[in-house]
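See below for the structure under consideration.
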Amino acid sequence: MSKASPLKAPQGTHDLLPPDSRRWEQLLVCFAAHARRAGYGFIQTPTFEDLAVFQRMGEGTDVVRKEMYDFKDRSDPPHHLALRPEGTAGVVRAFNQHRPTKANPQAPWKTWYAGPNFRYEAPQKGRFRQFHQLGIECIGTDDPDADVEVIALLWDFYRDIGLKHVTLLINTMGTSEERNAFQPVLQEYLRGRASELHESDREKVESHPMRVLDSKRRESKPVIADAPKMADSLSAQSRERFERVKAGLGALEIPFVLEPKLVRGLDYYTHTTFEFIGDEIGAAQSTIGAGGRYDGLAEDLGGEPTPGIGFATGMERVLLACDAEGVFDTPEAPMEVFIVDVVDGTRARDTAQQLRRAGISAERTFDGRSMRSQMKAADRSGAAFAILIGDDEVEAGEVTVRDLRGAGVQQRVAAGDLVNHLRERLADPDGGGVPDHFYVENRRPAQSPPGTEVPPASAADADTDTRSSSDADDVDADGKAEAGKPDTPGPSDRSTEGDMPEATSGENESATEAKGDDEADEAEDDETADPEAVLHRAKASERLRDIRRALDIDPDG
RNA sequence: GUGACCGUAGCUCAGUUGGUUAGAGCGCUGCCUUGUGGUGGCAGAUGUCGGGGGUUCGAAUCCCCUCGGUCACCCCA
């Protein structure tokens with residue numbers, strides 16, 4: 001009997017593991033900060049809904065017609081359900097169900113979400129069967145300034161994570177009445193030139209003429225270029241509204257490109273629609289985020305007519321854009337303390353938890369490994385200090401605290417004083433940086449396509465950032481700051497500072513410089529007369545002296 | 001749904017017209033190092049060669065099927 005072959009994740013899905021998952025964590029934290037600062041509350045809706053929720057959202061779209069994962073459950077009669085292919089419909093359904101603006105009618109209902117969506121598609125670059133979106137919805141106002149707020153939030157988020165080469169496309173579709181009035185005009189035009197259209201577009205002329213404008217078929221392009229423009233058949237009111245949106249973007253220094261053919265794939269959009277393109281993504285799927293106004297959607301889903309606007313941005317695609325631009329390279333968070341117990345593991349067990357309860361990150365090995373092996377693990381963890389516990393220490397009621405990032409100095413501390421001792425030393429900005437080799441060795445290999453560059457922001461930033469940013473991040477859990485825990489280096493720090501584009505570009509320049517340094521380091525690693533190795537040897541002999549001193553042996557003997 | 005390319009160790013990849021026991025680098029484990037990390041040296045472990053079937057004295061290599069990956073069309077975040 002042969003062993004069954006190991007099961008794999010389904011086609012088009014991926015496991016997300018450390019250390020790669022770290023950027024996802026950071027992306028989420030950063031987005032949450034932006035959303036919260038703008039007054040958006042976190043919402044979670046079911047991953048599956050009644051099929052009807054999505055059908056009413058857009059019956060003519062491929063997303064609903066061909067790409068939905070739908071299924072019947074075991075109830076009698078069975079519910080016909082579907083995995084959500086996008087985020088907005090569920091949120092609007094929740095809005096209809098709970099009517100949150102009843103309690104607070106003067107303000108729109110503002111929510112943000114993060115989670116997986118599912119579409120049955122052929123996977124390729126930037127396209128998966130399970131993919132993840134961050135998004136916001138602002139429901140209950142048709143003020144054009146809300147459109148500006150929504151677009152600005154996404155723009156600022158992209159800037160904050162370091163993206164610079166992003167293009168914003170915007171268009172207006174007018175009211176649903178204007179849209180309905182425009183459709184026959186467009187349809188008539190398209191009928192006249194139907195023979196010039198690609199076959200698949202010809203079918204859409206009768207069912208969804210607007211979607212023909214969105215077609216990327218080469219044959220259809222000349223016909224689309226000459227097509228009547230939605231903007232030309234708008235009412236003065238709608239035009240004025242759109243002017244207000246454009247003026248708002250201008251006032252906030254958000255550059256945009258008017259794209260009259262931007263229709264978007266979902267049927268529910270009215271007035272403002274927009275799309276963000278990652279310019280550096282060398283792939284077919286370069287839209288990293290998109291959204292628009294959907295003033296008719298609440299009603300379509302059986303609720304009161306309520307205006308709304310929102311966006312969704314694909315996490316996988318945002319990260320793809322980051323790779324392409326070489327930004328948002330989040331470093332691994334090093335441990336603060338590593339416990340080396342060479343007795344029987346009892347102290348490692350108890351001390352680790354004691355430190356963690358005090359807010360200090362602490363790791364250990366298991367399975368009773370040799371001291372040497374435990375020290376190697378301590379080194380790999382990037383810990384600032386090793387707590388050494390052997391028979392001597394146990395007998396004296398003490399522990400040995402060894403500095404792993406500096407000269408390797410170690411000192412005995414009474415076991416009862418350990419927490420306070422560590423708090424003091426971890427809070428000290430001169431307490432030693434993160435060892436270079438830690439970042440060099442743990443940095444993820446560049447995943448960007450050849451020709452693009454990934455500046456290793458980690459190595460350059462980590463030494464300073466890890467220690468210096470002591471102001472509590474508003475997103476982090478409570479208690480860290482009191483515990484003297486250094487903030488995690490990374491974009492979440494930046495996000496609280498409200499960086500404007502100039503500042504971001506400044507950071508990028510320094511990151512580019514760091515790249516040069518780092519390449520030099522790597523080249524040196526290959527040399528036999530490696531200066532780094534000499535340095536290490538020097539440090540090692542220094543440490544040896546410390547040890548001898550500690551053991552009361554003649555230091556230089 | 002259509003098409004192209006790919007699948008060898010944890011990772012990145014060699015593997016000749018089919019030919020002995022499938023390799024390298026990195027990583028991992030141990031030792032040099034008396035309870036003490038990085039550098040160095042030595043030693044070691046690890047493989048359903050994606051899976052199944054076929055051709056052959058002999059298959060990682062050739063053929064068929066299948067699964068998966070990647071990319072493109074289309075669609076979309």
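A quick note: this is a predicted structure, and the numbers were derived from the prediction, not measured. Reckoned from all heavy atoms, side chains included, excluding hydrogens, waters and symmetry mates. All chains are named by letter (A, B, ...) in the order of the sequence lines, taking the proteins before the strands, and each is independently numbered beginning at 1.
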Donor-acceptor pair under 3.5 Å: do we get one between A:R372's side chain and the base of B:rU36? no

Name the pairing partner of B:rA24, where a pair is Watson-Crick or G-U wobble with both distances under 3.5 Å, or state none. B:rU12

Spacing of the P atoms in B:rC57 and B:rU17 (rounded, Å): 22 Å

If I take atom OH in residue A:Y120 and atom P in nucleotide B:rC74, what distance separates them, rounded to the nearest angstrom? 20 Å

B:rG37: pairing nucleotide in any strand, Watson-Crick or G-U under 3.5 angstrom: none

More 5' along RNA chain B: A:I288 or A:S373, using each one's nearest nucleotide? A:S373

Treating A:E395 as the side-chain partner and A:D392 as the backbone partner, does any N or O pair qualify as donor plus acceptor under 3.5 Å? no

Grab the CG-P distance between A:D379 and B:rG37 for me, whole Å please. 10 Å

Tell me whether A:D147 is salt-bridged to A:R293, with the criterion being a basic N under 4.0 Å from an acidic carboxylate O. yes

Whole-Å distance between B:rG37 P and A:M335 CE? 21 Å

Checking all strands, does A:G126 fall into the base, sugar-phosphate, or nothing category for heavy-atom contacts under 4.0 angstrom? base

Can you tell which of B:rG37, B:rC76, B:rC75 lies closest to the side chain of A:E121? B:rC75

Sugar-phosphate only, base, or nothing, as touched by A:D392 at under 4.0 Å among non-hydrogen atoms: base

Toward the 5' end of RNA chain B, by each residue's nearest nucleotide, A:G12 or A:R129: A:G12

Answer yes if the side chains of A:R202 and A:H198 hold a donor-acceptor pair under 3.5 Å, and no otherwise. no

Does a salt bridge link A:R317 with A:D323, judged by any charged N lying under 4.0 Å from a carboxylate O? no

Determine: side-chain N/O of A:Q124 to OP1/OP2 of B:rU70, distance under 4.0 Å, yes or no. no

Would you mind classifying the nucleic acid contact of A:E393 as base, sugar-phosphate or nothing, using non-hydrogen atoms under 4.0 angstrom? base

Tell me what A:A122 touches on the nucleic acid: a base, only sugar-phosphate, or nothing, going by heavy atoms under 4.0 Å. base

When all nucleic acid strands are considered with a 4.0 Å heavy-atom cut-off, which category describes A:F276: base, sugar-phosphate, or nothing? nothing

Donor-acceptor pair (no angle test) under 3.5 Å: A:Q285 side chain, B:rC74 base: yes

Base-pairing assignment for B:rU55 (Watson-Crick or G-U wobble, both under 3.5 Å): none

Within 45° of the axis and under 6.0 Å from the centre of the six-membered ring of A:Y120, does NZ or CZ of A:R129 qualify? yes

Salt-bridge test for A:K110 and A:E149: reply yes if a basic N is under 4.0 Å from a carboxylate O, no otherwise. yes

Quiz item: A:R127 side-chain donor-acceptor pair to B:rC71 base, under 3.5 Å: no

Taking only the P atom of each, what is the distance from B:rG58 to B:rG15 in whole angstrom? 26 Å

Base partner of B:rU2, which must satisfy Watson-Crick or wobble distances under 3.5 Å: B:rA72

Provide the Watson-Crick or G-U wobble partner of B:rG30, both distances under 3.5 Å; none if there is no partner. B:rC42

Taking only the side-chain nitrogens and oxygens of A:H14, find out if one of them lies under 4.0 Å from OP1 or OP2 of B:rU70. yes

Between B:rG51 and B:rC13, how many Å separate the two C1' atoms, rounded to a whole number? 22 Å

So does A:A89 get a backbone contact from the side chain of A:E86, meaning a donor-acceptor N/O pair under 3.5 Å? yes

Pairing partner of B:rG47, by Watson-Crick or G-U wobble and under 3.5 Å for both distances, is none

Heavy atoms only, 4.0 Å cut-off, all strands: where does A:G278 land among base, sugar-phosphate and nothing? nothing

Which value, in whole Å, describes the distance between the P atoms of nucleotides B:rG10 and B:rC64? 30 Å

Could you tell me the separation between the NZ atom of A:K8 and the C1' atom of B:rG51, rounded to a whole number of Å? 8 Å

Rounded distance (Å) that lies between atom C1' of B:rC31 and atom NZ of A:K376: 10 Å

Ignoring backbone atoms, establish whether A:Q11 has a side-chain N or O less than 4.0 Å from OP1 or OP2 of B:rG69. yes

Determine whether a donor-acceptor pair (N or O, by modelled atom type, separation under 3.5 Å) exists between the side chain of A:T351 and the backbone of A:A348. no

Starting from C1' on B:rG37, measure out to CZ on A:R402 and report it in whole angstrom. 7 Å

Counting N and O atoms only, with roles assigned by atom type, does the side chain of A:R93 sit under 3.5 Å from a partner on the main chain of A:V53, one being a donor and the other an acceptor? no

Give a yes/no on whether any side-chain N or O of A:R369 is located under 4.0 angstrom from OP1 or OP2 of B:rG30. yes

Quick one: label A:Q374 by what it contacts on the DNA or RNA (base, sugar-phosphate, nothing), any heavy atom closer than 4.0 Å. nothing

Between B:rC76 (P) and A:H132 (NE2): distance, integer Å: 21 Å

Determine: side-chain N/O of A:R380 to OP1/OP2 of B:rC28, distance under 4.0 Å, yes or no. yes

If pairing requires Watson-Crick or G-U wobble contacts with both distances under 3.5 Å, which nucleotide is the partner of B:rU17? none

Would you kindly give the CD-to-C1' distance between A:E275 and B:rC75, to the nearest whole Å? 12 Å

B:rA60 to B:rG23 separation - P atoms, rounded to the nearest Å: 13 Å

Measuring only the P atom in each nucleotide, how far is B:rC74 from B:rA22? A whole number of Å is fine. 48 Å

Using atom P of each nucleotide, how far apart are B:rG27 and B:rC42 to the nearest Å? 15 Å

Any base atoms under 4.0 Å from A:G289, or only sugar-phosphate, or nothing? Heavy atoms, all strands. sugar-phosphate

